[in-house]
Amino acid sequence: MDLLTRIKGPRDLDRLSLGELDQLAEEIRTFLVDAVSKTGGHLGPNLGVVELTIALHRVFESPKDKVLWDTGHQAYVHKLLTGRQDFSRLKSKGGLSGYPSRAESDHDIIENSHASGVLGWADGMAKANEVLKKDDHVVAVIGDGALTGGMAWEALNNIAAAKDRPLVIVVNDNERSYAPTIGGLANHLATLRTTDGYERFLARGKDFLERTPVVGRPLYDTLHGAKKGLKDFIAPQGMFEDLGLKYVGPIDGHDIEALESALQRAKRFGGPVIVHCLTEKGRGYTPALEDEADRFHAVGKIHPDTGLPISTSGLDWTSVFGEEMVKLGQEREDIVAITAAMLQPVGLSKFEEAFPDRIYDVGIAEQHGAVSAAGLATGGLHPVFAVYATFLNRAFDQVLMDVALHKCGVTFVLDRAGITGTDGASHNGMWDMSILQCVPTLRIAAPRDADQVRAQLREAVAVDDAPTVVRFSKGAVGPAVQAVGKAGGMDILRKPKAARPDVLIVSVGALAPMCLEIAELLDAQGISSTVVDPRWVKPVDEALAPLAERHRVVVTVEDNSRAGGVGSAVAQALRDAGVDVPLRDFGIPPVFLDHASRGEVMADIGLTAPDIARQVTGLVAKLDGRFESRAVEPARD
């Protein structure tokens, strides 16, 4: 690691020869495999952008020049070259973020880790440079997977409108997002990848024709004059140039000299330029290259030599969903599945194996996925759209106006709901139950365990005249939590010991074990409680209000934002029913949460059994004190 340890900032790269740069690239790959295998993280994408990142920082002067990373999970090399080489606590509390972070460095400009937005950022920053007459360069790095998102093309349409506004777009083309990139754009880029470059063709033709007497030079000039048509025939990059964007490439994304040459030309051009770089996800690490599913896109702790996990967890929520989907597919021919470029992460790979003609990967295009689902439902099918909870935010309008308004039977399955922790602010699935509360007719299920995932998924796909949502957490699913009774459609998880119980605890989803622990802690303080799992948290079950009326206090506990969440919906339902019982809602405060483990985040925000029990005990004590003070207060004339 001799060269890497000498790199304290991008300008240290200027002193290295090409040979030393190649050595540095190998050192970086060795470092990444060693570091990420200990902590987990996005390994494959970063192994693929080593030379590209080196070239970017050699050609452009960050942070004066703005280098913007779409999604940002491929910015580990960027961190290394900008003075951040302590990866010992990557994605852990107090350590480096797994994405660009403004708090870490002036070299990190944007830190939203949702895909396809970088070109919009770049367009705005280039316009700002124009208005303020700055000579800074704006460089946007976007993957071919992210180019399947509609926002990217909306931005390209605007970027192309200004022919003399400098902006460099680097397409990091590795044929993948998580899995192999699909769709028409992917096919177009594949054509460019597999075609000999126009410039090489023309250079060979020039050598031949200039040796041809008399007609050689005029014929070459004629061919060169027909450049556009010839270029479209040889390598159809005309799609970009028809938009008004200068196209450079394809470039070998692992040839630093070629990359620097292309980026220098783009830098000098004076208008919008696309530099198309071909890279290999997982490059230099055999276990990643042999992983056809996602090339080690994201890994947990692994053995660096074999790539095998250090430890395995128990059954996880995603797998439970995936297995039940296969069973549903076998039972019902109208069940189809949709994924937004995340087939394996959302658990649909087994469904694809069983029913390859009944699954649709729409690319990184959640908005289109939701509208397409409405079309599938209208056509007589029942689509199940599996997506991370945080990514459904992007398709809210489509859920509201296309699916719900049209009474379409579509089931949205939200993986990674609630606090996910280590991926930071943008990946916590903490907004879905708040955002979706206002959608008429939509129903939300929050399963507490694996049995309920299976049962509630089946209940959801039985609804054919409204959207349904099934949301569950990230990681291992705990043991089953058995119901001890029913109240309407709700499960009673714990009955009170007292005839007049003090507290009704409304438990949402995976927090059921925590709520049972809260009840035990309250019981030790002489406070009697009932624990109920609504199962379907939207709409609020009609049986909840009369149940609440038999208690002195209502407490809601949810893995979602307190702003507009289940607690708010329960409070409104009680008011509408005329039930005047004090309610305290516990959940996630309306803030962006720093990266840390799920347990650490929950402890920081006070979403733990001891914290909640302590506050509820105080609330009950106040009620007792108020009643006592009234009893001893002397009568007044």
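Owing to the predicted nature of the structure, the values given are computational and were not obtained by experimental measurement. Keep in mind that the numbers below use all heavy atoms, side chains included, and drop hydrogens, waters and symmetry copies. Residues take their numbers from the sequence shown, with the count starting at 1.
- A heavy-atom distance below 4.5 Å is found between the side chains of Met514 and Met602.
- Counting all heavy atoms, side chain and backbone alike, Val581 lies closest to Ala548 at CG2-O, 3.8 Å.
- Taking a 6.0 Å sphere around CG of Asp576, one finds it holds more than 12 heavy atoms contributed by other residues, nucleotides or ligands.
- Counted by atom type alone, Arg394 and Gln367 present zero donor-acceptor pairs between their side chains at under 3.5 Å.
- A pairwise comparison of heavy atoms in Ala115 and Asp70 identifies CA-OD2, 3.5 Å as the closest pair.
- Although no hydrogens or angles enter the test, the distance criterion places no donor-acceptor pair under 3.5 Å between the side chain of Ser529 and the main chain of Leu504.
- A donor and an acceptor atom, one from each side chain of Glu352 and Ser349, are nowhere located under 3.5 Å apart.
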Begin with the C-alpha distance, continue with both residues' side-chain angles, and end with the deciding distance and a verdict on salt bridge (Lys or Arg N to Asp or Glu O under 4.0 Å) for Glu459 and Arg535. CA-CA 11 Å; Glu459 293 168 26; Arg535 300 183 72 251; 2.7 Å; yes

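- Rounded to the nearest 0.5 Å, atoms CZ (Arg471) and CG (Asp415) are 11.0 Å apart.
- Classification of Arg562 and Asp585 as a salt-bridged pair holds, one side-chain N sitting under 4.0 Å from a carboxylate O.
- Atom OG1 of Thr422 is separated from atom CD of Glu600 by 10.5 Å, given to the nearest 0.5 angstrom.
- Distance check: Leu381 CG to Ile335 CD1 gives 9.0 Å after rounding to the nearest 0.5 Å.
- Considering every non-hydrogen atom in both Gly567 and Leu583, the closest pair reads O-CD2, 4.2 Å.
- Looking only at side-chain heavy atoms (C-beta outward), Val554 and Val506 come within less than 4.5 Å of each other.
- Residues Ser528 and Asp502 bring no donor and acceptor atom of their side chains to less than 3.5 Å of each other.
- Salt-bridge check for Asp604 with Lys93: passed, with a basic side-chain N closer than 4.0 Å to an acidic carboxylate O.
- Residues Tyr388 and Pro345 have side chains in contact (heavy-atom distance under 4.5 Å, counting atoms from C-beta outward).
- The number of heavy-atom neighbours closer than 6.0 Å to CD of Glu542, taken from other residues, nucleotides and ligands shown, is 12 or below.
- Listed here is the closest heavy atom pair of Ala596 and Val601: CB-CG2, 3.9 Å.
- Ring geometry, Phe355 versus Phe351: the interplanar angle falls from 30° to 60°, so the pair is classed tilted.
- Minimum interatomic distance between Leu400 and Pro440 (heavy atoms only, all atoms of both residues): CD1-CD, 3.9 Å.
- More than 12 heavy atoms of other residues, nucleotides or ligands lie within 6.0 Å of CG in Asp334, so this atom counts as buried by the packing criterion.
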Is there a salt bridge (Lys or Arg N to Asp or Glu O under 4.0 Å) between Arg598 and Asp559? Walk through the geometry before answering. CA-CA 11 Å; Arg598 174 176 165 86; Asp559 196 1; 2.7 Å; yes

Working note: His551 + Thr530, criterion side chain to side chain contact (heavy atoms under 4.5 Å, CB included); need CA distance, chi angles, decisive distance, verdict. CA-CA 9 Å; His551 294 75; Thr530 303; 2.8 Å; yes

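- When all heavy atoms of Ala487 and Asp541 are compared, the pair lying nearest together is O-OD1, 4.3 Å.
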Report the C-alpha distance between Trp69 and Val118 in whole Å, list the side-chain angles of each, state the deciding distance to 0.1 Å, and finish with yes or no for side chain to side chain contact (heavy atoms under 4.5 Å, CB included). CA-CA 7 Å; Trp69 300 89; Val118 73; over 6 Å; no

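- Using a 30° and 60° split on the angle between ring planes, His73 and His42 fall in the parallel class, below 30°.
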Could you go through Ser434 and Asn560, starting from their C-alpha distance and side-chain angles, then the distance that decides it, and tell me whether this counts as side chain to side chain donor-acceptor pair (under 3.5 Å)? CA-CA 8 Å; Ser434 299; Asn560 182 80; 3.0 Å; yes

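- Side-chain N or O atoms of Lys497 include none that pairs as donor or acceptor with a backbone N or O of Asp523 at under 3.5 Å.
- Atom CD of residue Glu558 and atom OG1 of residue Thr556 lie 5.5 Å apart, to the nearest 0.5 angstrom.
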Step by step, would you call Phe586 with Leu607 a side chain to side chain contact (heavy atoms under 4.5 Å, CB included)? CA-CA 7 Å; Phe586 294 93; Leu607 196 58; 4.2 Å; yes

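- For the pair Trp536 (side chain) and Gly489 (backbone), a donor-acceptor distance under 3.5 Å is absent.
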Take Phe321 and Arg454, measure what side chain to side chain contact (heavy atoms under 4.5 Å, CB included) needs, and give me the verdict at the end. CA-CA 7 Å; Phe321 158 69; Arg454 300 182 185 102; over 6 Å; no

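- Taking 4.5 Å as the limit, some side-chain heavy atom of Ile419 sits within range of a side-chain heavy atom of Ile605.
- Here the CZ atom belonging to Arg443 is positioned 8.0 Å from the OG1 atom belonging to Thr468, to the nearest 0.5 angstrom.
- Considering only heavy atoms from C-beta on, Asp402 stays 4.5 Å or farther from Cys408 through its side chain.
- Checking side-chain atoms of Ser97 against main-chain N and O of Pro100 turns up no donor-acceptor pair under 3.5 Å.
- Side chain to side chain, Thr378 and His406 fail the donor-acceptor criterion of an N or O pair below 3.5 Å.
- In the displayed structure, Lys486 atom NZ is contacted under 6.0 Å by more than 12 heavy atoms of other residues, nucleotides or ligands.
- Of the possible donor and acceptor atoms, one in the side chain of Gln74 sits under 3.5 Å from a partner among the backbone N and O of Gly72.
- Using a cut-off of 4.0 Å between Lys/Arg side-chain N and Asp/Glu carboxylate O, Arg458 and Glu331 are scored as salt-bridged.
- His114 and Thr390 are linked by a side-chain donor-acceptor pair at a separation below 3.5 angstrom, with hydrogens and angles left out of the test.
- Using a 4.0 Å cut-off between charged nitrogen and carboxylate oxygen, Arg552 and Asp624 count as a salt-bridge pair.
- The shortest side-chain heavy-atom distance between Gln344 and Thr339 does not fall under the 4.5 Å cut-off.
- A salt bridge links Arg448 to Asp491: at least one charged side-chain nitrogen sits closer than 4.0 Å to a carboxylate oxygen.
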Steps toward ring pair (Phe, Tyr, Trp, His ring centres under 6.0 Å) verdict (His427, Phe391): CA-CA 8 Å; His427 271 54; Phe391 295 151; 5.6 Å; yes

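- Looking only at distances, a side-chain donor or acceptor of Thr617 sits under 3.5 Å from a matching main-chain atom of Ala613.
- Interatomic distance, CG of Asn428 versus NE2 of His595, reported as 12.0 Å (0.5 Å rounding).
- In the model, Thr608 has a side-chain atom that pairs as donor or acceptor with a side-chain atom of Asp611 under 3.5 Å.
- You'll find the side chain of Leu547 reaches within 4.5 Å of the side chain of Ile492, heavy atoms only.
- At a threshold of 4.5 Å between non-hydrogen side-chain atoms, the residues Leu522 and Ile505 count as touching.
- With salt bridges taken as basic N to acidic carboxylate O contacts below 4.0 Å, one links Glu520 and Arg494.
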Salt bridge (Lys or Arg N to Asp or Glu O under 4.0 Å) between Lys91 and Asp423: does it pass, once the steps are laid out? CA-CA 7 Å; Lys91 299 178 65 178; Asp423 279 328; 3.0 Å; yes

